[in-house]
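These notes are about the structure you will find just below.
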Amino acid sequence: MKKGILGIAVVLLVLLGGLALAQLPGGVPREETLIVDQLTGRVGTPSNFNLWAGWRWQDRGLQQLVCEPLWTVDYATGEIIPGLAAEMPIYSEDFTKMTIKLRQGVSWSDGVPFTADDVVYTIDLHVKTPGLLYHGPMAEFVDKVYKTDDYTVVVELKKPNSRFHSHFLDRWGCLRIMPKHVFEKVEDPVAFEFNPPVGCGPYVLKDYDPAGFWTLWERREDWEKTPTGMLYGEPKPKYVLFQAFETEEAKILAQLRHELDMAQYAPEGLRVVLERSNTARAWRKDWPWVVNIDPCITGIMFNNMVEPYNIKDVRWALVLAINMVEYMATAFDFMAPVSPIHLPPVPAYVEAFFNPLEEWLKNFELDLGNGEKFKPYDPEIPAKLAQAAKERGYPVPEDPKAIREIFGMGWWKYAPEVAEKLLKKHGFTKGADGKWYLPNGNPWKITIVTDTNPAHHHYRNAMAAAEQWRKFGIDATVNATEAFNSLHLMGEFEVGTMWPAAEPWGVGVDLSRTFDVWHSSLLVPIGQAVTLGPGGAARWSDPRLDELLKKMETTNPFTEVEATRLLGLEALKIVVEEMPTIPTYGYCGAVAWDEYYWTNYPGAENPYSQPYQHWPNFKYMLPFLKRAKE
């Protein structure tokens, strides 16, 4: 694999010539420019920056450099960072009123002061305008919104909601505040392209490629009037260029030539860069190199409205048909931590949920029928993964604590004989050819719908699961399609690899973001889009979970921390018991940073910020970067 990727890269060296450098306009010096890989690829609407009205490739720099939200989550530090807000929200005792105190002295990039008028306008416009993305929750909850002075906003709610602020809490997406003085002059806020964008962030638009391959931003002269400047100081790069690459090989080539500073790869691509460059580094300086603190869980999605995946025993049988050591060898070369629960194993959650749940997991039982029980949890999975990684020649540590941190806390037993018992309870049969047949006598065929990008965790989970289920006797195939997202949203699939649970905040102990999508009120029939694909595409609910969510709504996550944590623990147990989706391993980012022009990236040894260039917190990283040649 290494030689293959490098060989293609050498060919591209001839074919591409000086493409990446040619995209820096005249007068933009390379040594003052940070060039980063754009995660979501080529921009489909290059001239449109209106991220309130639809998907606009917000990671082209919009969310990272232009927009400042009220609050931002940083899962690396465990903080919620007040941006345009001066402090955390203040709720009334019955959670029907939320007060927002705003940061003073902030200006929009065109020089107009930021005030409470902008916040009031943004919320009010979303209540009244169906075409805007956050119209739904604003119309559902907001009774009235008004200011009491230029830096205080009050939102009165139609019904209690202790988490209304979460709509404004940026974690790769939120309701960001609009510049009132710009949008109030626009006839149609949905059709408006917002070009050039006006923001409270530290950069402004310099130029962009009409074909959608790159976007160039320039640091504001008045950067000190932004929350970024006020909190952390001057962003060091004068320019930031977001570059989309059509192939992994082109990206590798650019970084080897010092034409790309920050990039994300498949594990194979990361290894090539680290082996061939003497100025590149990864998040970890040693194996397994990758970012393993990302607050996202990967895995398998079942459509619980389609037979036979509406049967709990069938879902559990498919779990027990997976040999997790073999699965991880295929999926991510042993470099990601496994998770038996529907949460990513980031440090905050390991302490609050994983460790407290482990004894329960060890005692958890499945009913196989005829009075027979089975305990499916295997706490020895990390040791088995460590041994397999050693056999591949990787420098695995001996310390049990380090092994657990790298490989996870445990997963489910490989027990095909138990899976067989669960299936036969429901009329499944296994032929003399070793193939499984549905209760109606038809061959059991599973088509796993996934993303087209071979480097994506969706794709890697699909390939690993198909391999395991074929070994078990199911005719399992993979359908990599550009319609991946829409098929999951509309329920037009049986098994897929959309995120198996909605991503939690990554800080604190509030798990409402993960469980909200499974409330029974959000169940919709196949053919109608779910509110959120991750987790929600399972089209599953449980009345016990509804009750817990109702309790969460009237529990303050800031002041009632232990009560919030305990509600999360009980919800996790229900989801494990029912297993509507299969969590496999925590999202890992195979990032590479070239230190030829810039240094002091937030690596594992100094995680002062989340490490990705595509997260909104990226702007908070930039003041800490250092020029390599100073």
Ring centroid separation Phe515 to His342 under 6.0 Å: no

Evaluate the ring planes of His457 and Tyr585, with Trp represented by its six-membered ring, and classify them as parallel (under 30°), tilted (30 to 60°) or perpendicular (over 60°). perpendicular

Quick check: Trp598 with Trp593 (ring centres under 6.0 Å apart)? no

Test ring pair (Phe, Tyr, Trp, His ring centres under 6.0 Å) on Trp436 and Phe472; report intermediate values, then the result. CA-CA 8 Å; Trp436 279 98; Phe472 181 61; 5.5 Å; yes

Honestly, is Lys375 close enough over Phe364, meaning NZ or CZ under 6.0 Å from the six-membered ring centre and within 45° of the axis? no

Of the options His258, Arg257, Gln255, which is the one that meets Asp594 in a side-chain hydrogen bond (donor to acceptor under 3.5 Å, both in side chains)? His258

Residues Arg460 and Glu268 bridged, charged N to O under 4.0 Å: yes

For the side chain of Asp74 and the backbone of Ile81, is there at least one donor-acceptor N/O pair under 3.5 Å apart? no

Short question: side chain of Trp469, backbone of Leu318 - any donor-acceptor pair under 3.5 Å? yes

Is Asp59 reaching over with its side chain to a backbone N or O of Leu39, donor-acceptor style, under 3.5 angstrom? yes

Check the angle between the aromatic planes of Trp316 and Trp412 and answer parallel, tilted or perpendicular using the 30° and 60° thresholds. perpendicular

Output yes when Glu405 and Arg284 qualify as a salt bridge under the 4.0 Å nitrogen-oxygen rule, no when they do not. yes

Output all residues satisfying side-chain contact (heavy atoms from CB on, under 4.5 Å) with Val517, sequence neighbours left out; order by chain, then residue number. Ala502, Leu532

In plain terms, say whether Glu494 and Arg315 are close enough for a salt bridge, that is, a side-chain N and a carboxylate O under 4.0 Å apart. no

Do Glu358 and Tyr377 get their side chains close enough for a donor-acceptor pair, meaning under 3.5 Å? yes

Using distance alone, with no hydrogens and no angle criterion, decide if Tyr327 and Asn461 have a side-chain donor and acceptor under 3.5 Å apart. yes

Using only atom types and a distance under 3.5 Å, with no angle test, would you say the side chain of Asn479 pairs donor to acceptor with the backbone of Val449? no

Expected output: side-chain Lys236 to main-chain Glu234 donor-acceptor under 3.5 Å: yes

Are Lys471 and Glu326 close enough for a salt bridge, meaning some N to O gap below 4.0 Å? yes

Phe334 ring center near Trp287 ring center (under 6.0 Å): no

If you measure from the Lys or Arg side-chain nitrogens to the Asp or Glu carboxylate oxygens, is any gap between Arg30 and Asp261 under 4.0 Å? yes

Shortest non-hydrogen contact from Ala501 to Trp518? CB-CH2, 3.9 Å

Any luck finding a side-chain donor-acceptor pair between Tyr612 and Asp294 under 3.5 Å? yes

Any side-chain donor-acceptor pair under 3.5 Å between Asp510 and Thr564? no

Which class fits the ring pair Phe353 and Tyr349: parallel under 30°, tilted 30 to 60°, perpendicular over 60°? tilted

Give a yes or no answer on whether the side chain of Glu248 reaches the backbone of Ala266 with a donor-acceptor pair at less than 3.5 Å. yes

For this output row, return yes or no: ring centroids of His614 and Phe242 closer than 6.0 angstrom. no

Can you confirm whether more than 12 heavy atoms, excluding those of Lys626, are under 6.0 Å from its NZ atom? no

Can you tell me if Glu595 uses its side chain to pair, donor with acceptor, with the backbone of Ala280 under 3.5 Å? no

Establish, yes or no, whether the cationic atom of Lys413 lies under 6.0 Å from the six-membered ring centre of Phe374 and within 45° of the ring axis. yes

Can a donor-acceptor pair be found, under 3.5 Å and without considering hydrogens, that links the side chain of Thr584 to the backbone of Thr298? yes

Check this for me, if you would: do Glu31 and Lys238 make a salt bridge, where the nitrogen-to-carboxylate-oxygen distance has to be below 4.0 angstrom? no

Would you confirm whether Arg470, through its side chain, and Gly473, through its main-chain N or O, come within 3.5 Å as a donor-acceptor pair? no

Flag, side chain of Arg42 to backbone of Phe245, donor-acceptor distance under 3.5 Å: no

Among Phe332, Trp499, Tyr265, the one residue meeting ring-ring contact (aromatic ring centres under 6.0 Å, His included) with His456: Trp499

Which pair of non-hydrogen atoms, one from Gly83 and one from Tyr620, has the smallest distance, and what is that distance? CA-OH, 4.3 Å

Using the ring of Tyr203 (Phe, Tyr or Trp, six-membered ring only), decide whether Lys619 places NZ or CZ under 6.0 Å from its centre and within 45 degrees of its axis. no

Within the supplied structure, the quantity of interest is the number of heavy atoms (other residues, nucleotides, ligands) at a distance under 6.0 Å from Glu351 CD; does it exceed 12? no

Any salt bridge (Lys or Arg N to Asp or Glu O under 4.0 Å) involving residues 328-341? Give me the pairs, sequence neighbours left out, ordered by first then second residue. Arg271-Asp333, Asp333-Arg392

Give a yes or no on whether Glu605 atom CD has more than 12 heavy-atom contacts from other residues, nucleotides or ligands under 6.0 Å away. yes

Looking just at side-chain N and O atoms, do Glu467 and Thr330 make a donor-acceptor pair shorter than 3.5 Å? yes

Can you tell whether the side chains of Arg171 and Glu503 come within less than 4.0 Å, N to carboxylate O? yes

